[in-house]
Protein chains: 2
Amino acid sequence: MTLNNYRKEDKVLLSIECIIYGFYQDELKILLIQREFGSTKDRWSLIGDFLKNEEELNNAASRIVNQLTGLNNMYMEQVHSYSKPDHILEEKIISVSYIALINIENYCKNILKENPIKWFAIKDIPSLVFDHNKMIKDSLALLRNRISNRPIAFELLPEKFTMRQLQKIYEVILGTELDKRNFINKFNSLDLLNKLNEKDMTSSKKGAFLFEFDEVKYLRKVAEGFCFKV
Amino acid sequence: MTLNNYRKEDKVLLSIECIIYGFYQDELKILLIQREFGSTKDRWSLIGDFLKNEEELNNAASRIVNQLTGLNNMYMEQVHSYSKPDHILEEKIISVSYIALINIENYCKNILKENPIKWFAIKDIPSLVFDHNKMIKDSLALLRNRISNRPIAFELLPEKFTMRQLQKIYEVILGTELDKRNFINKFNSLDLLNKLNEKDMTSSKKGAFLFEFDEVKYLRKVAEGFCFKV
DNA sequence: TCAAAAGTGTTTGTGATACACCCATGG
DNA sequence: CCATGGGTGTATCACAAACACTTTTGA
């Protein structure tokens with residue numbers, strides 16, 4: 001923008017690649033799509049599209065996730081931009097990656113049936129097209145950072161969840177086992193969860209109490225200088 | 001890349017904006033350039049250029065910094081991509097920002113004389129074109145994170161530096177005052193610096209011992225699982 | 001009655017923080 | 001001789017980590 005004028009031939013296609021995370025059965029999963037055309041036919045890929053002329057980056061990312069999940073207003077965040085997604089169509093392509101966190105139970109299952117898309121556990125991700133594996137790796141590093149510094153684990157959970165589910169999310173994202181007593185003590189000291197008078201009976205005979213994240217309380221505390229840190 | 005085909009009119013110009021940081025006289029500074037043409041003539045701006053067709057993002061960023069400083073191999077890192085730098089030339093523009101950390105004493109002063117560029121202390125940044133102020137803000141957040149988790153402060157210092165200089169870098173980037181005893185104790189416990197038998201006599205009558213960062217030792221420790229953390 | 005998951009507190013250790021005085025020297 | 005910045009060690013506190021047994025109940 002400063003040194004030189006631009007040349008028409010320097011224009012690029014801009015693709016947005018969305019890394020859609022869900023959490024289900026104690027596993028962190030990513031939604032992938034199987035390509036139907038072209039030289040990469042049948043290979044798995046992140047979910048993406050080209051930026052349209054009238055769009056902004058964030059809006060394009062939201063549109064793409066919405067088109068495949070039917071969801072709106074999920075947590076999304078830009079991760080990184082890449083210049084090496086092998087040129088296709090003889091055009092130069094720059095890719096901008098985003099993470100999206102969704103409650104896997106909410107997304108529209110009809111879309112899943114109509115498209116060659118599938119949830120893959122993070123540890124079972126196959127070899128993907130272009131540099132999509134690298135994008136996932138980078139996004140996981142971001143996710144690891146965010147989950148310790150922002151209350152985003154709840155984006156991956158239903159409104160009501162058990163402490164074990166919450167703990168498991170931290171464990172799979174951080175890649176470490178945590179002590180359940182320390183974990184609960186920690187969250188209790190943060191004072192951000194409401195314990196409900198309901199139990200989840202699916203995981204044990206005794207049943208586990210359900211909790212919910214109190215976002216209003218969280219925002220009030222932030223306004224008073226509170227800083228989330230796990 | 002998945003859902004739709006692209007249209008020629010969706011191609012964009014891609015600009016790279018470099019936030020070049022230097023540290024001098026106890027202040028964190030950024031190199032800015034005054035625009036010489038167009039509707040933004042005379043206003044200050046980050047240093048940038050358009051991505052060339054044959055270039056990758058990281059290489060373009062290096063090229064841009066090199067053209068203005070004469071330096072190579074400085075620490076650089078991509079920060080974020082933006083889609084709202086007011087359209088100029090009636091073209092859609094996407095901007096990718098980078099930070100570059102340089103030792104302010106090393107850069108080529110001749111270039112400074114030949115160009116309308118100038119170092120601005122971080123607290124004296126004027127209102128810049130487009131969303132460049134926002135880019136600086138975002139880059140500072142990244143820098144704050146990095147300086148606590150990677151040994152990058154040394155990129156802003158000469159080979160030989162005093163503990164006070166090092167501490168000052170942490171103070172200006174983190175925006176807090178630090179206790180000098182705690183700071184020294186902390187760095188001593190990390191065991192990454194070599195104390196030299198030389199003193200810097202410019203800042204006091206007694207003189208302050210010079211130190212250097214032992215990168216070989218650092219890399220050896222990292223290989224053994226060491227994790228830098230200040 | 002037993003297997004399987006839920007729930008619950010205390011102790012210990014490490015690292016962060018707070019803090020004040022003497023030293024060396026050039027002017 | 002004094003003003004200026006350089007250099008040094010310890011006591012306290014807060015948080016992280018380690019740790020084991022009892023409860024509930026469906027099968």
Side-chain angles (χ1 to χ4, degrees), chain A residues 25-27 144-145 147-149 157-158 160-212 221 225-230, chain B residues 24-27 144-145 147-149 157-158 160-172 174-212 221 225-230:
Chain A
Q25 289 179 336
D26 286 0
E27 292 211 277
R144 259 193 293 280
N145 180 280
I147 204 169
S148 299
N149 299 298
L157 288 169
K160 302 171 181 183
F161 52 84
T162 67
M163 289 306 285
R164 296 294 283 176
Q165 288 177 298
L166 183 60
Q167 182 181 338
K168 199 71 195 174
I169 288 193
Y170 277 86
E171 289 183 338
V172 295
I173 293 178
L174 297 176
T176 54
E177 301 241 311
L178 300 172
D179 179 276
K180 68 178 170 179
R181 278 169 297 185
N182 291 340
F183 185 80
I184 289 171
N185 289 162
K186 179 74 201 181
F187 259 96
N188 281 344
S189 74
L190 293 178
D191 185 29
L192 294 172
L193 303 182
N194 295 328
K195 185 174 188 172
L196 304 175
N197 274 327
E198 289 175 67
K199 282 191 164 186
D200 168 78
M201 302 305 295
T202 63
S203 62
S204 74
K205 294 152 189 173
K206 185 179 179 181
F209 277 104
L210 290 166
F211 291 77
E212 61 181 12
K221 293 180 77 137
F226 171 78
C227 188
F228 182 91
K229 188 83 195 154
V230 175
Chain B
Y24 187 57
Q25 289 179 336
D26 285 358
E27 291 210 278
R144 259 194 293 279
N145 180 281
I147 204 169
S148 300
N149 300 297
L157 288 169
K160 301 172 182 182
F161 51 84
T162 67
M163 289 307 283
R164 297 293 283 176
Q165 287 176 298
L166 183 60
Q167 182 180 339
K168 200 71 196 175
I169 287 193
Y170 277 85
E171 289 182 337
V172 295
L174 297 176
T176 54
E177 301 241 312
L178 301 172
D179 180 277
K180 68 179 172 177
R181 275 170 299 185
N182 291 339
F183 185 81
I184 288 171
N185 288 162
K186 178 73 199 180
F187 259 95
N188 281 344
S189 74
L190 293 178
D191 186 29
L192 295 172
L193 303 182
N194 295 328
K195 185 173 186 172
L196 304 175
N197 274 326
E198 289 175 67
K199 282 190 165 187
D200 167 77
M201 302 305 295
T202 62
S203 62
S204 74
K205 292 153 190 171
K206 185 179 178 181
F209 277 105
L210 290 166
F211 292 77
E212 61 181 12
K221 292 180 80 141
F226 171 77
C227 188
F228 182 91
K229 187 86 193 151
V230 174

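Lettering follows sequence order; numbering is per chain, from 1. Basis for what follows: all heavy atoms, side chains included, without hydrogens, waters or symmetry-related copies.
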Q. What's the CZ-C1' distance between A/F209 and C/dT8, to the nearest Å?
A. 13 Å

**Q.** Rounded interatomic separation in angstrom, taking OH from B/Y170 and C1' from C/dT17
**A.** 18 Å

Q. Within this structure, what is the CE-to-C1' distance between A/M163 and C/dA6, rounded to whole angstrom?
A. 12 Å

Q. Nearest nucleotide by nearest heavy atom, which residue falls closer to the 5' end of DNA chain C, A/K195 or A/S203?
A. A/S203

Q) Quick one: A/F211 CZ to C/dA6 C1', roughly how many Å, whole number? A) 11 Å

Q. For nucleotides 15-27 of chain D, read 5' to 3', which letter fits each nucleotide if B means a protein heavy atom sits under 4.0 Å from the base, S means only the sugar-phosphate is that close, and - means neither?
A. -SBBBB--BBBB-

Q: Any side-chain hydrogen bond (donor to acceptor under 3.5 Å, both in side chains) involving residues 198-207 of chain B? Give me the pairs, sequence neighbours left out, ordered by first then second residue.
A: B/K160-B/E198, B/D200-B/T202, B/D200-B/S203

Q. Going through the distances and angles, do B/N149 and B/V230 end up as a side-chain contact (heavy atoms from CB on, under 4.5 Å)?
A. CA-CA 7 Å; B/N149 300 297; B/V230 174; over 6 Å; no

Q) For the atom pair NZ (A/K180) and CD (A/E171), what is the distance rounded to the nearest 0.5 Å? A) 11.0 Å

Q | Distance flag, aromatic centroids of A/Y170 and A/F183, threshold under 6.0 Å | A | yes

Q | Gap separating the CZ atom of A/F211 from the CG atom of A/L192, nearest 0.5 angstrom | A | 12.5 Å

Q | Euclidean distance, atom CG of residue B/N188 to atom P of D/dG9 [Å, nearest integer] | A | 10 Å

Q | Whether over 12 other heavy atoms sit under 6.0 Å from B/F228 CZ | A | yes

